[in-house]
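One structure is given here, and the rest of the page talks about it.
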Amino acid sequence: MTDMKLWYTKPAQSWTQGLPIGNGRMGNVVLSSPHREVWNITETTYWSGQPEPVQGRSNSQADLERMRQHFFQGDYRGGDRLAKEYLQPEKLNFGTNLGLCQVILDFEQNTKPEPALDSSGEAEPLFHRELDLDEAVVRSACEVEGMEMAREVFATHADQVMVSRIRSHGSLGVTCSISIQGDNGPFQTTVTGKDTIEFQGKAWENIHSNGECGVSCQGLLRVVAEGGQLSGSAGTLTVAGAAEVSIYFAVNTDYRQEGENWRAKSALQLDQAMQKGYEALRTDHLADYQPLYTRVSMDLGSSVHSGLPTDERIARFKGGQLDDPALFALFFQYGRFLTISGSREDSVLPMHLQGIWNDGEANKMAWSCDYHLDMNTQMNYFPTETVNLSESHRPLMQYIRELSEAGRSAARHYYDADGWVAHVFSNAWGFASPGWETSWGLNVTGGLWIATHMMEHYAYSRDETFLEELAYPVLKEAAAFFMEYMTVDPKYGWLVTGPSNSPENSFYTDNREEGNQQLSMGPTMDQGIGPGFAGVLHESRTDTGQG
């Protein structure tokens, strides 16, 4: 499937034009141009914030009944006032996933050429960049006066490092400088010897936490040059006139680590990678990646437009020209590539709001780069089983189990209920409380909705051990919460949940002067997922004799 490439003849101007790679833990959005390449590095466990106990006012069933009476009587403002008083926690150190650093490769020391002209007087393309989905490799190629330069970079899951090779053909050789800049929080770099940059940082920020708590990272970048000269000073490595340059990058964090042994992990990974060498690393990378990727192929036919750069093909599609069926196949396989790159069987955390990549924009606003349970996290994994990537689903299964443990405290603390509950979002620390504003934060189906992925995983895998030991206990306890949280609507006799809301929805009462409302009894989201799910679990539990 040699046409499975995203490729461009124009340099990347922004993060959104970069090309992503990842190994299920480290991510990299590569911005390439003839004279500069930037790696935007992320790591799934690089989070600000910290674990914190469930906090807020403890509630009893009597408290809930007081709220419910207001809602049943049509006093939505009164019910919301009590919900804010009893169920709305204070925002503390929730945190966010943060971008880790940028690796900057600067080739400005190579002479900038004038574009060559073909016989028609048009400028010949001097630059090409691509993401090869078959091999999970980002490449770029450019022509510089007297020299052709080819670059490629990949993130290997097999060896847990980022690897790059730069080759030149011509008299100038490769001349470049390499440096690392932190994206967030305290970040220090040190050049050791003439070939290595060591760095360490802290995931601190003061929008979603107090600016004093978060994960620490430690990593190294090492350069091997064939021919030419290699030197280092003032935080920068400099290569001059090399025929070939290899770059090895490793980073680890102290997330869920005890003691200081984690700090030696990057050096060990880097040493082992360099002992293998570039070609062996690439071979093992393909042997690890391709068995997953090649499970599924798609052929929708081709057209003359398949040979156009990807941005031109997309522009044609946006203009209403739908005569490029191979573009749909490319998009399908790109989604599978992102799933493999973002979520592997042994990933410590599942994909978050931006997969495993992060442009930092969510971190600057009221949102954070977290686990949104009102759609976004689910969307990451909706197609996983159907595209034959069941292993990529497993980090989410483990996360749901851990979330259910935290959710038991939330169920008891806020609702005096059995089972477990999670709300609109969560984080790397297992946050299960309502959000900090009832209008959007008091949705009780977030945990249950994400837990339905366990049903999907079992439906495809038919893994009886998974069902018995992990899925059924979690699903049973999710149902137990809703069985207890439901109450009888006094007017209609229906079983309804509440107070709660449907995510990002509001409504007006007959009194428009009261403005739009969010909280109610029996909102559509709860009715669509909660009671029906609880009933199914209750029946299956009875049929099988399980209590």
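Side chains are part of it too, since the values below use all heavy atoms of this structure and drop only hydrogens, waters and symmetry mates. All residue numbers refer to positions in the sequence shown, counting from 1.
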Pairing residues for [X] by the side-chain contact (heavy atoms from CB on, under 4.5 Å) criterion, not counting sequence neighbours:
| X | value |
| --- | --- |
| R412 | D416, D418 |
| S60 | A62, D63 |
| R336 | Y293, R295, V296, F332, Q333, V387, L389 |

Check whether the side chains of [X] and [Y] place a donor and an acceptor atom closer than 3.5 Å, and report yes or no.
| X | Y | value |
| --- | --- | --- |
| Q102 | N40 | yes |
| T339 | S392 | no |
| Y485 | S500 | no |
| N252 | Q269 | yes |
| T438 | D80 | yes |
| D346 | H157 | yes |
| Y76 | S520 | no |

Shortest non-hydrogen contact from N23 to V161?
ND2-N, 4.3 Å
Which atoms form the tightest heavy-atom contact between F249 and V103, and what is the distance?
CE1-CG2, 3.9 Å
Name of the residue among Q69, H70, R81 meeting side-chain hydrogen bond (donor to acceptor under 3.5 Å, both in side chains) with D75:
H70
Quick test of your reading of the model: are [X] and [Y] salt-bridged, counting only N-O distances below 4.0 Å?
| X | Y | answer |
| --- | --- | --- |
| K364 | E361 | yes |
| R394 | E391 | no |
| R256 | E402 | yes |
| R222 | D271 | yes |

Look at the aromatic rings of F466 and H457 and report parallel, tilted or perpendicular, splitting at 30° and 60°.
perpendicular
Parallel, tilted or perpendicular: which fits the ring planes of H393 and Y381, with parallel below 30° and perpendicular above 60°?
parallel
Test item: [X] and [Y] side chains (from C-beta on) under 4.5 Å apart, heavy atoms:
| X | Y | value |
| --- | --- | --- |
| V496 | T487 | yes |
| Y458 | E464 | yes |
| L338 | W357 | yes |

For Y255, run the ring pair (Phe, Tyr, Trp, His ring centres under 6.0 Å) check against Y46, W429, W47 and tell me which one passes.
W429
Counterpart residues, salt bridge (Lys or Arg N to Asp or Glu O under 4.0 Å), relative to E504 (two or more places apart):
none
Quick one: pull up CG in L87 and OG in S433 and give me the separation to the nearest 0.5 Å.
10.5 Å
Does F154 form a ring pair (Phe, Tyr, Trp, His ring centres under 6.0 Å) with H285? I'd like the steps, not just the answer.
CA-CA 8 Å; F154 60 90; H285 161 64; 4.7 Å; yes
I'd like to check the ring pair (Phe, Tyr, Trp, His ring centres under 6.0 Å) partners of Y399; sequence neighbours left out, ordered by chain and number.
Y371
Got a sec, which residues hit ring pair (Phe, Tyr, Trp, His ring centres under 6.0 Å) with F337, two or more places apart in sequence or on another chain?
none
Is it true that, when you exclude E468 itself, more than 12 heavy atoms of the residues, nucleotides or ligands shown sit nearer than 6.0 Å to its CD?
no
